[in-house]
Amino acid sequence: MKRRAFLRAAIGTMGGASIGCHANTGVSNASPPAPRPASVADSVAPTSRVDVEFALQAGEDELSLLAGPRTRVWRFSGQIQHGPQGALVQNDASYLGPTIRVEQGGRMRVHLKNALGEATIVHWHGLDVDAKSDGHPSYAIAAGGQYSYDFEVRNRAGTYWYHAHPDGRTGAQVYQGLAGLLIVSDAEERRLGLPDGDRELLCVLQDRTFDEGNQLLYTPSAMSGFLGEQVLVNGQLPRTLELPSGPHRLRILNGSNSRIYDLSWSDGSKLTVLGTDGGLLEVPFEREHLVLAPGQRLDVWADFGHGPGPDVWLESRPFEDPGTMMGMGMHGGMRRGRAVPVENGAPLRIQRFVARGNGRSARPPATLSTSVDRRSLETAKGVAAKTFPIGMRGMRWLLNDAPFELRGVAANERVKLGAVEDWQFVNPGGPMSMAHPIHVHGSQFRIMEREAGSGSTALRSGILDDGWQDTVLVLPGDRVRIRKRFANYPGLFLYHCHNLEHEDMGMMRNFLVETS
Ligand code: C2O
Ligand code: CU
Ligand code: CU
C-alpha cells in the first residue's frame, strides 16, 4: 500500500529544459518499474524492500552556460536501477545534479561513485537518516571509490537537498556544481492539491563568478567566504520565465556558499509563505520580505498576474552586510582573481516572471499542515539549555570554542537517544562579528527564542523563525535557542555554519547521539 503510493508519487515529473526557475511539465509515464539488474541485486543485502535505487556519479563535465566556450563543472549524474524513472529528473542545461523525488516512507538506495580526482561524500541536507547515510566527512571515499546508502525517508513533505560534504572541500565542490534538490511528498500534502506540474517552480539560487574564458572562478576570502558576481538560477543563467497567470508554487533553495538573500517581489506584493526547511507551516502567512540564508529553503505561493505580477522580478533587497557594519574593510585584501565581489547585501534582480492569459486567481489553503506533534518537543524538567558560542581565534573559525576535529566530541556534544534538548547559539557581536547560518544534521528543529543583538540590520524583520528548520541565521550579537528531538538514530552527526567557507575553515563540530 505504502509502496504503491510511493511509486505513484515518484513517477514522472520530467523537468523541461526550460530556463530560470524551471517548471515540471507533469508528464506521467506510469510504466511499471524496470526489473532490477542482477548485478545490483548481488551487491546489496537482500533484507528489505527498496522503492528507488540509483547510481549517483560525481564527475567532471562541461556545458554551455554562457555564450562562447563551454564551462567545466563538477556534476552529479544519476541512473535509476530500480523504481520509477521519474524519481530522478535531470536537467542537461544545468550543472546541478538530478532532482530526486521520493515519498515519505519510501526506501532509498544510492550507490555513489566518485569519478573526481579527489575524495568526496554526499550529505542529504535536512533528511533524518542513520549516521552511516548522513555523509559525515569521515566516510569520504577516495577518487575512484564507491559508497552505498540505504535509508528510509522519514521526513515530512518538503524541499530538501543533497550536496558534497568532504572535510575542508565542501565549499569548493559545491561551487563546482556538486548539489541537487531532493523533494519529499506525503499524503497530507497531496490532499491540499497545491500547484504542481508546470505550476511548480524550482528555484535554486547560487552566485558564481566566471573568468574571461567562461570558467568558474573560486576566490573565497577567509572572512566573508565566497561571493560571486552573478546569481544563477537552477545552475543556469536566469532568463525571463513566461508562465500562465494564476497560482504557482515556488520551491526556493539558497544553495549559495556564502550569500544571504533578502527576497521580495519587485512590485511590492507580499510574499506568501507555505513552508520552510522542514516542510509546510500550519497556516500560510505573508511577509514583505524574507531572508534566505545559505542552506535554507522556502515554499512560496505566487498568484502571478494577480499578486505579484504580471511582470515582476524576484529580487534581493539591499541590506547592510552584517560582516561589514564596523567598516573594517575586512572583506578585501585576501582575494585574488579579477573582480571585486558583489557584496553580501547588494541589491539583486534574480528572476523575472511574466504572466500571460486570464488564469483564475486563487488563495492558498487556509490550513496547510496539522501534522506537527507538539508533545514531541517538550524538554525534561530542570534541564538547562546547552550553549554553543560562535567565534574565531586568529584566522580560524570556531564553534563551541573549538575547530572541527574529524571524530572529536566535547562533553556538551553528547546527547541521549530520544532526548529533547535546547541548544543556544551565541554570536558575540563586535567588530569581527558576522551573520552565521547554523545548520544541525538529523531531525528538523524549532526555533524557540531569538534574543536580538544590538547591531541592527534591515535583515532582522525578514527572518522567519516559524515552522520546522534545519538551518537558522544567527545575526551578530544574537542568541538563538532551538529545540530538537534526537529521536531516531544513534551515532556521530554534524552541526556547522552553512557559510561553506566557514565550515571548511573549521566552523563545524560533531555531536554524538548515544544509546544510554
Ligand atoms: Cu548542507 Cu552539513 O550540510
Ligand atoms: Cu545537513
Ligand atoms: Cu559562519
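All ligand and atom numbering here is 1-based and tracks the order in the structure. As the structure is a computational prediction, the values presented were derived from the model and not from experiment.
Asn257 places no side-chain N or O within 3.5 Å of a backbone atom of Phe226 that could act as its donor or acceptor partner.
In His436, the N, O or S atom that comes nearest to the Cu ion (ligand 3) is ND1. Summary: ND1 is the N/O/S atom of His502 found nearest to the Cu ion (ligand 3).
Here His439 reaches the Cu ion (ligand 2): one of its N/O/S atoms is less than 2.8 Å from the metal. Because the distance cut-off is set at 2.8 Å, His123 qualifies as a neighbour of the Cu ion (ligand 2) through one of its N, O or S atoms. Between the Cu ion (ligand 3) and Cys497 there is an N/O/S contact shorter than 2.8 Å. Not a single N, O or S atom of His165, from either the backbone or the side chain, sits less than 2.8 Å from atom 1 (Cu) of ligand 1. For atom 1 (Cu) of ligand 1, the N/O/S atoms of His498 include one lying under 2.8 Å. His125 lies close to atom 1 (Cu) of ligand 1, since one of its N, O or S atoms is found at a distance under 2.8 Å.
Take Asp422 and apply the salt bridge (charged side-chain N to carboxylate O under 4.0 Å, His left out) test, not counting sequence neighbours, and it matches Arg481, Arg483. Annotation: ring-ring contact (aromatic ring centres under 6.0 Å, His included) contacts of Tyr139 (sequence neighbours excluded): Tyr147.
Ring centroids of His123 and His136 are separated by 6.0 Å or more, keeping the two rings apart.
In this structure, Arg446 satisfies the cation-pi test against Trp468, with its NZ or CZ atom closer than 6.0 Å to the six-membered ring centre and inside 45 degrees of the ring normal. Both the sub-6.0 Å distance and the 45° axial angle are not jointly satisfied by Lys386 relative to the ring of Phe388.
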